[in-house]
There are 2 protein chains.
Amino acid sequence: MSAIADVARLAGVAKATASRALSGRGYVSEETRLKVVAAATMIGYVASPNAASLVTGRTQSVGVIIPFISRWFFAEILESIEQALLARGYDMTLYNLPAPSEERERVFDFFLARKRFDGVISVGVELADSEVQLLHRLGRPLVGIGGEIPGVHTIAIDDIAAARLATEHLLSLGHTDIRHIGGDQIDQMDFAVHTKRLTGFTHAMHAAGLPTDGCFSPCAFTVPGGYDVGLALFGDPHQRPTAVFAASDEIAIGLIIAARELGIQVPSELSVIGIDGHPCAEMFRLTTIEQHPRNQARMAVESLLAALEPAAEPVAAGLTRAPTNLVMRSSTSAPR
Amino acid sequence: MSAIADVARLAGVAKATASRALSGRGYVSEETRLKVVAAATMIGYVASPNAASLVTGRTQSVGVIIPFISRWFFAEILESIEQALLARGYDMTLYNLPAPSEERERVFDFFLARKRFDGVISVGVELADSEVQLLHRLGRPLVGIGGEIPGVHTIAIDDIAAARLATEHLLSLGHTDIRHIGGDQIDQMDFAVHTKRLTGFTHAMHAAGLPTDGCFSPCAFTVPGGYDVGLALFGDPHQRPTAVFAASDEIAIGLIIAARELGIQVPSELSVIGIDGHPCAEMFRLTTIEQHPRNQARMAVESLLAALEPAAEPVAAGLTRAPTNLVMRSSTSAPR
DNA sequence: ATTGCATAAGGAACCGGTTCCACACCACAA
DNA sequence: TTGTGGTGTGGAACCGGTTCCTTATGCAAT
């Protein structure tokens, strides 16, 4: 519609002056600035970000790569990133990449190479070295959430410590027959988060002098996933553990629903602990290790935008630990 | 990095020819085309969409306005839209607008006015007339999902019919003491979807000659929302209805969990029906009216992209009904 | 009085593509 | 032989901003 040239004409100044007046860069007298602003608002001028980014190289938009949308953790992250970016005047372009695939290659070769964004936030996606290099070559900063990416600033909880804490909570209550139910390693999309939580569990058990052989059951990282495993596992009272550590609240909730259906009392017959802080945890009185995805998202945005400051040095690679805390409710107790 | 001028130089042709060769528009001999393509791949040329859109006015990206991310329906829609757009070479820019607010005005005045997108899909957001007009003035097609927007092509289920069908299912089983539990009208963000489902319920009840006074309980549109209402409502056996129609599966699931906690048998003491087709419905054997958000999303993307075809006429305003179907499981039965 | 600097504003180049226009060539019809 | 129309290509304008370079002015310092 209306271009900056129209504004300039209307205000009786040169394009250059109008540009300076509106962007606030360079010298413009207050009087001229007001004239230009008045002219701009009069004709409803909105700058074309395309034209601007063509010359500045900045697009005022950030790409977000995320493997799931509907899981609690990821949805929370997404909502917060979007809010934080919007508040700072950035657009958010979403790339939902469920698994390494041709789709994914396409995104990297085609979409991301088009440099339509000033930076990228990668949420729970295990990036290949070549993919990190591509972004690096494009001069686009990258920040990760949810796992370590070599050479990249990442915000993540300490999964091993969280899993150990959860397991230790069960141990401290006197449990010795504890089972870990978590993500299948074959499902690679989570930064080995599954493996880490299993590792934390194993550490804690071994430190207590307990064996862990056959103490792990894999399942889909969802409520129905936990439910299915729960039904299969708790059916036989002789096989049933006295406590389970679920790798996520969603799994834990599925387990509790299964237990209730089987008439197993939680916590007296079965203690359950999860990780996350899911909004349904309260409802199920679920003891859990809370993490705070919204904070993690805000930290990631802040880190990325700081790296986009004109004078900024590249983002320091490394790991920022997001805090977790144990919330005790009544899904765990001493074994009978 | 490398611009089309570099490609042209390397191939020994003019910029114009290189552009034609790469975009496939206009006359280029096969021989020249191959030379240009070879040169482009050699230096790893990727066109700058910014520069292109500056002149063509096309950005190859679509804006999506959505009020929630974490609710099942919206997450499904979002995932499908993203997939469909990606497959067609479009980027997706997300605007998450939980409520009418200054944020929202900012998005319209600032973000959407920047015409960074070729079209907009609005999911479950009640757009004001002025907002529709703004998009119209910008010449950007708009397609809605989940409710009617005047003058805009919208894909939506028939909420009134779905609610009536759900209620009729309960009536046909012999229930007369039926309660509807659904969204609070104060929560305006859903296209009066709450009101419509209530209307469908009322229609069905009245058609059966039953009163509906005091038969509606409002609640938050989530699992905990249903749970809270369930605890409050089912506690007193004399007040308890024999059947409830929940406005969403999430609410229905919350109700079932509450009922189980109170020791109420579903369905023998209490029938529950929902709307959605949530992945947890199976787990709770929930009878429900399924809708298919992924299909709705695909239809919306198709309609929008069709309107973006060079020769396309504007999207025909009007409503496309998305299908629903009753899935009978065992959360409903005849009353005792 | 001259230099120096900060402020102010205009002209023009430029970012990286697309597209209009002009021109050349060739085949075929009149 | 001349006209006509489809092909193929190059030059240049253009999209809408930003920024470099230049010039002009007022004022303080030398």
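Letters A, B, ... are given to chains in the order of the sequence lines, protein chains preceding strands, and every chain is numbered from 1. Every value quoted in this text rests on a predicted model; they were computed, and no experiment measured them.
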For A:T56, answer base if it contacts any base atom (sugar-phosphate contacts may also be present), sugar-phosphate if it contacts only those atoms, and nothing otherwise; contact means non-hydrogen atoms under 4.0 Å. sugar-phosphate

In short, side-chain hydrogen bond (donor to acceptor under 3.5 Å, both in side chains) pairs touching residues 33-44 of chain B with sequence neighbours left out are B:E30-B:R33

Item to check | Whether A:T154 side chain and A:V152 backbone form a donor-acceptor pair below 3.5 Å | outcome: yes

In whole angstroms, the gap separating P of D:dG16 from CZ of B:R114 amounts to 17 Å

* Asked: Hey, is the side chain of A:Y45 poking within less than 4.0 Å of OP1 or OP2 on D:dG16, counting only N and O atoms?
  -> no

B:I43 atom CD1 is separated from C:dG16 atom P, nearest whole Å, by 12 Å

side-chain N/O A:T17 vs C:dG10 OP1/OP2, d < 4.0 Å
yes

Across all chains, not counting sequence neighbours, the side chain to side chain donor-acceptor pair (under 3.5 Å) partners of A:S23 are none

The correct set of residues in residues 20-42 of chain B placing a heavy atom under 4.0 Å from DNA chain D is B:R20, B:Y27, B:V28, B:S29, B:T32

To the nearest angstrom, the CG-C1' distance between A:N50 and D:dC14 comes to 15 Å

In whole angstroms, the gap separating C1' of C:dG11 from CZ of A:R9 amounts to 16 Å

Separation of D:dG17 atom C1' from B:R116 atom CZ, nearest Å, is 13 Å

- [ ] Establish whether the base of D:dG16 is bridged to the side chain of A:K15 by a donor-acceptor pair shorter than 3.5 Å.
- [x] no

Assert: residue with more 5' nearest nucleotide on DNA chain C, out of A:A18 and B:V46, is A:A18

Rounded to whole Å, the CG-P distance (A:L54 to C:dT18) equals 12 Å

**Prompt:** Would you say the side-chain atoms of A:R140 pair up with the backbone N or O of A:F117, donor to acceptor, closer than 3.5 Å?
**Reply:** yes

Taken in chain and number order and not counting sequence neighbours, the residues that satisfy side chain to side chain donor-acceptor pair (under 3.5 Å) with B:Q60 are none

Residues pairing under salt bridge (Lys or Arg N to Asp or Glu O under 4.0 Å) where one sits in residues 76-88 of chain A, two or more places apart or in two chains, turn out to be A:E76-A:R294, A:E79-A:R294

Only residue of B:L304, B:I81, B:L308, B:V301 satisfying side-chain contact (heavy atoms from CB on, under 4.5 Å) with B:Y90 is B:L308

For B:S48, report the nucleic acid contact type (base, sugar-phosphate, nothing); a contact means any heavy atom under 4.0 Å. sugar-phosphate

Regarding the side chain of B:A16, the nearest nucleotide among C:dA12, D:dG11, C:dC15 is D:dG11

Angle separating the five-pair end axes of the helix from C:dA1-D:dT30 to C:dA30-D:dT1, nearest 10°, is 50°

Looking only at heavy atoms, the pair that brings B:D129 and B:P150 closest together is OD1-CG, 4.0 Å

Check your understanding: Just checking, is any N or O donor in the side chain of A:S53 or B:N50 under 3.5 Å from an acceptor N or O on the other one?
Key -> yes

